[in-house]
Amino acid sequence: MGGRGDDVVAVTGASGRLGTRLAVRLAAEGALQRLIVRDPARAPRLRDGSPLPDSAIAVVGGYGDREGMRRALAGTRTLFLVSAHEGKGRVAEHRSVVDAAVAAGVRRVVYTSFVAAAPESTFTFARDHWHTEQLIRQSGLRWTFLRDNLYHHTLTTFVGEDGVIRGPAGRGRVASVSHDDVADVATAVLLDERSRAHDGRAYALTGPEALTLAEVAAVLAGLTGRAIRFEDQSVEEAYASRRAADVPPEVLEGWVTSYTAIAAGELEHVSDDVARLVGRPARSLADWLDDYPDQWAHLRR
Ligand SMILES: NC(=O)c1ccc[n+]([C@@H]2O[C@H](COP(=O)([O-])OP(=O)(O)OC[C@H]3O[C@@H](n4cnc5c(N)ncnc54)[C@H](OP(=O)(O)O)[C@@H]3O)[C@@H](O)[C@H]2O)c1
């Protein structure tokens, strides 16, 4: 019996950044968990490398394998669905998991969506989230959407080898959020099962401020001591400079439109949902850089 009753919470994407953080938090709260991973060797562990307690059991399941996922979810009532890696089949994979959840008798799903989720959102990957939200709404499951902004970590991946952030973001702003804040909100939402306070709610999870990419570069430059800067590009320049990367066209479009979405103001909204739900301010980019120096050590070069 877990510390929070006998509801078993299934966590997909448990080998990833967000899923691991969530699994560790739920374990600390004594929750019973089914951690769904593609590779059991990559099941989450505590930060010191030791295994999670027996209340957290790892099982194998891929999003595209509906029957395997149904078996993995059997006996669970609540599902935390981490969105799949970006690609053409992403919405179909999400549909497969949601169908499996319904077939397995799951009652409630908490899904990691995106702040700018809309059918015609500028950031093309955000459209997948809107379509997934629709299919969850239609599934009959109780739902909560955590609409995350870009992660602070993602902004560090925008920095090129030469220390320049290049992209068509102009003076647009981005209210990036930390994985820890999303995991804290997810923990609060998942463990508040009985009140049903989160049913049918979509939360905008952002950091406490919205920065231009020039300001992001300045924060990174200040910490690394390196001349990191932002260079605005035209959309044509953005595609041309990324064409050498051998990725499918929809991935290239996703990369470029992550910048044009910033330029369009679609990622600038600062929400107080993190603070309201976890009772403390959201962590800023500077806080996150302070918390995880190993995550951006390569930028010091
Ligand atoms: N807001 C942002 O800035 C941002 C940026 C990047 C991605 N995202 C989205 O947010 C999600 C969570 O972020 P994160 O940082 O935790 O990502 P992450 O560290 O890459 O973890 C993603 C997790 O999802 C699992 N997964 C992905 N596709 C899957 C599939 N088809 N079947 C089964 N498992 C699958 C991965 O499993 P494996 O370990 O087996 O691959 C991994 O456990 C990402 O998956 C992506 O959809 C958001």
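Note that ligands are numbered from 1 as they come in the structure, with each ligand's atoms numbered from 1 the same way. None of the values given here were measured: they were computed from a predicted structure.
Atom 28 (N) of ligand 1 has His85 N, 3.1 Å as its closest protein atom, hydrogens excluded (heavy atom only). Atom 13 (O) of ligand 1 has Tyr151 CE1, 3.6 Å as its closest protein atom, hydrogens excluded (heavy atom only). Protein heavy atom closest to atom 16 (O) of ligand 1, with residue, atom name and distance, is Leu18 N, 2.9 Å. Of all protein heavy atoms, the one lying nearest to atom 23 (C) of ligand 1 is Gly13 CA, 3.6 Å. Tyr63 N, 3.1 Å is the protein heavy atom nearest to atom 32 (N) of ligand 1. Ranking protein heavy atoms by distance to atom 14 (P) of ligand 1, first place goes to His179 NE2, 3.8 Å. Here the protein heavy atom with the shortest distance to atom 43 (O) of ligand 1 is Ser15 OG, 2.7 Å. Here the protein heavy atom with the shortest distance to atom 12 (C) of ligand 1 is Val82 CG1, 3.5 Å.
For Asp65, the side-chain contact (heavy atoms from CB on, under 4.5 Å) partners at least two apart in sequence or on another chain are Glu67. Ala238 meets the side-chain contact (heavy atoms from CB on, under 4.5 Å) test with Pro168, Gln233, Arg242, Val256; sequence neighbours excluded.
Which of Ser83, Ala126, Gly16, Gly62 comes nearest to atom 47 (O) of ligand 1 through a heavy atom is settled by distance: it is Ser83. In the candidate list His94, Glu86, Arg147, Glu86 is nearest to atom 7 (C) of ligand 1, counting heavy atoms. With distances taken over non-hydrogen atoms, the option nearest atom 30 (C) of ligand 1 out of Glu93, Arg38, Arg17 is Arg38.
Distances between N or O atoms of Phe114 and those of ligand 1 include no value under 3.5 Å. On a distance-only criterion, Thr112 and ligand 1 share no N/O pair closer than 3.5 Å. The shortest N or O to N or O distance between Arg42 and ligand 1 is below 3.5 Å.
A donor-acceptor pair shorter than 3.5 Å can be found between the side chains of Thr132 and His94. Inspection of the Asp184 and Thr187 side chains reveals no N or O donor paired with an N or O acceptor under 3.5 Å. For the residue pair Thr112 and Asp148, no side-chain donor N or O sits within less than 3.5 Å of a side-chain acceptor on the partner.
Here Thr154 has side-chain heavy atoms under 4.0 Å from ligand 1, and that is the only part of it that gets that close.
Counting the atoms of ligand 1 from 1 in the order shown, those under 4.0 Å from a heavy atom of Arg90 are 47 (O).
Between Asn149 and Val115 the shortest heavy-atom distance is CA-CG2, 3.6 Å. Closest approach of Thr206 to Val274, counting heavy atoms only: O-CG2, 3.8 Å. Taking each heavy atom of Arg34 and Ala74 in turn, the nearest pair found is NH1-O, 2.9 Å.
Contact check on Arg280 versus Asp181 returns a salt bridge, with a Lys/Arg side-chain nitrogen under 4.0 Å from an Asp/Glu carboxylate oxygen.
Ligand 1 lies within reach of Asn149, whose nearest heavy atom is under 4.0 Å from it.
Aromatic ring orientation, Tyr292 versus Trp288: tilted (interplanar angle from 30° to 60°). Phe114 and His129 have parallel rings, their planes meeting at less than 30° on a 0 to 90° scale where 60° marks the start of perpendicular.
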